[in-house]
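Following: one structure in structure tokens, then a few remarks.
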Amino acid sequence: MKTTPVNAPADLRRSVIAVPPLCRKADLSLDREENAKLVQHMYAGGITTMLYGGNANLYNIAPSEYPALLTMLREISPEDVWMVPSVGPMYGTAMDQAAMLKDHEFPTAMLLPTLFPSKPAGVATAIRKFVEKSGLKAVLYMKDEGYITPELAQSLVNDGLISWIKYAVVKEDPAEDAFLSKLVSLVNPELIVSGIGEQPAIVHLRDFGITGFTAGCVCVQPKLSMDMMHAIHAGDYAKAEEIREVFKPLEDLRNKHSPILVLHHAVALAGIAQTGPALPLMTELPDELLPEIEKAAKELLAR
Ligand SMILES: N[C@@H](CC=O)C(=O)O
């Protein structure tokens, strides 16, 4: 596992940042074997950065289970893979996890976002205290405009507390995004990645000059997502656009039913790894939705 400090933008450009689900056994304990299978599937497709966050449902992980998660990620990681765990979203959870991260060698960790109960200035304070306690720079996850302001993000970056920013504010038209325009005017775009999967990635990277992208569907079809990233970086937007279309059917189902849960089922139904039951407060999707997810996942995997 990569243990060296984050070197942006090179580290953010070398791989699509995969955001995988987390496999659990029937008793909800961590399934090391199935998680290792999923990691190997992504790695075989060229992925070398894996961010365990929302799709892994780390919002709901017990702090008592967190050290076992960190150990497992370390142990199942290929030598050259960069594993990024998440903390929070609540302040107290993040502070307890900050102490646990000190026993490991992860170069950075992401604070999961929540709008309730939080205020932008409080989020900035939480990041400062997390960095102070863990000794790690943080990944700032900007998922909603109300979570933290571009000005506060700038102050955190200027104070050397942020390794990179995951920008994931959903807009009907990603090209019309005054909030992102403001952010890139205040913060070096080399530190910012698009955080909403393949669909807005071309626009975010081409029109706003940001650096890389995170994705969930990449866990099913890593090679094509990597091809898309390389096409964008090479300025071959026609090729990138063609590939983006291939991801759309599964992404549309995610948007329709639940991004986290459709991906959770898709990885299992495509036969990549058994993701097992969903950890509460999530729950599995109804059986009647599974055939269309299976079809879309298998078709994407077969591309
Ligand atoms: N939310 C996006 C990227 C991950 O954060 C996805 O799941 O595709």
Side-chain angles (χ1 to χ4, degrees), residues 12 15-23 38-39 41-42 45 47-61 73 82-89 108-115 138-144 147 163-171 174 177 180 192-205 210-226 228-229 232 240 243-268 270 272-273 275 278 282 285 293 296-297 300-301:
L12 302 175
S15 171
V16 175
I17 300 168
V19 186
L22 188 64
C23 305
L38 177 53
V39 165
H41 172 74
M42 294 185 282
I47 298 299
T48 55
T49 306
M50 302 177 191
L51 168 64
Y52 283 79
N55 291 339
N57 193 7
L58 292 195
Y59 286 91
N60 284 306
I61 195 170
L73 293 181
W82 178 17
M83 291 284 187
V84 184
S86 298
V87 299
T108 188
M110 182 175 84
L111 179 65
L112 291 164
T114 182
L115 286 178
V139 178
L140 178 61
Y141 187 173
M142 300 177 73
K143 191 169 163 52
D144 292 276
Y147 181 64
S163 54
W164 46 282
I165 294 175
K166 178 183 192 292
Y167 181 77
V169 177
V170 175
K171 300 280 179 184
D177 192 338
L180 181 54
I192 306 172
V193 304
S194 173
I196 326 175
E198 286 84 4
Q199 298 311 307
I202 299 173
V203 171
H204 279 170
L205 274 68
I210 65 177
T211 298
F213 65 92
T214 72
C217 287
V218 64
C219 303
V220 175
Q221 182 38 279
K223 184 178 176 308
L224 261 192
S225 192
M226 284 294 288
M228 180 174 154
M229 184 193 77
I232 298 173
I243 300 174
R244 185 185 73 83
E245 283 294 325
V246 175
F247 284 91
K248 210 163 170 300
L250 184 58
E251 199 65 55
D252 286 348
L253 289 175
R254 295 183 71 203
N255 289 334
K256 189 165 165 197
H257 302 302
S258 156
I260 293 177
L261 292 171
V262 170
L263 182 67
H264 183 91
H265 286 292
V267 165
I272 297 164
T275 43
M282 299 301 264
L285 290 168
I293 297 171
L300 179 57
L301 177 63

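One-based numbering, in listed order, for ligands and for the atoms of each. Side-chain atoms are counted along with the backbone in the values below, which use heavy atoms only and exclude waters and symmetry mates. Note that the coordinates shown come from a computational prediction; the quantities given were computed from them, not determined experimentally.
- Across every non-hydrogen atom of L180 and D177, the tightest pair is N-OD1, 2.9 Å.
- The two residues G212 and L205 make their nearest non-hydrogen contact at O-CD1, 3.3 Å.
- Protein residues are said to neighbour a ligand when one of their heavy atoms lies under 4.0 Å from it; for ligand 1 these are V19, N55, K166, G195, I196, G197, T214, A215, G216, R254.
- For the side-chain contact (heavy atoms from CB on, under 4.5 Å) test with H204, the passing option among I192, I210, V193 is I210; the others fail.
- The side chain to side chain donor-acceptor pair (under 3.5 Å) check on N255 picks up nothing, with sequence neighbours excluded.
- Within a 6.0 Å radius of NZ in K171, other residues, nucleotides and ligands contribute more than 12 heavy atoms.
- Under the 4.0 Å criterion applied to side-chain N and carboxylate O atoms, E245 and K248 are not assigned as salt-bridge partners.
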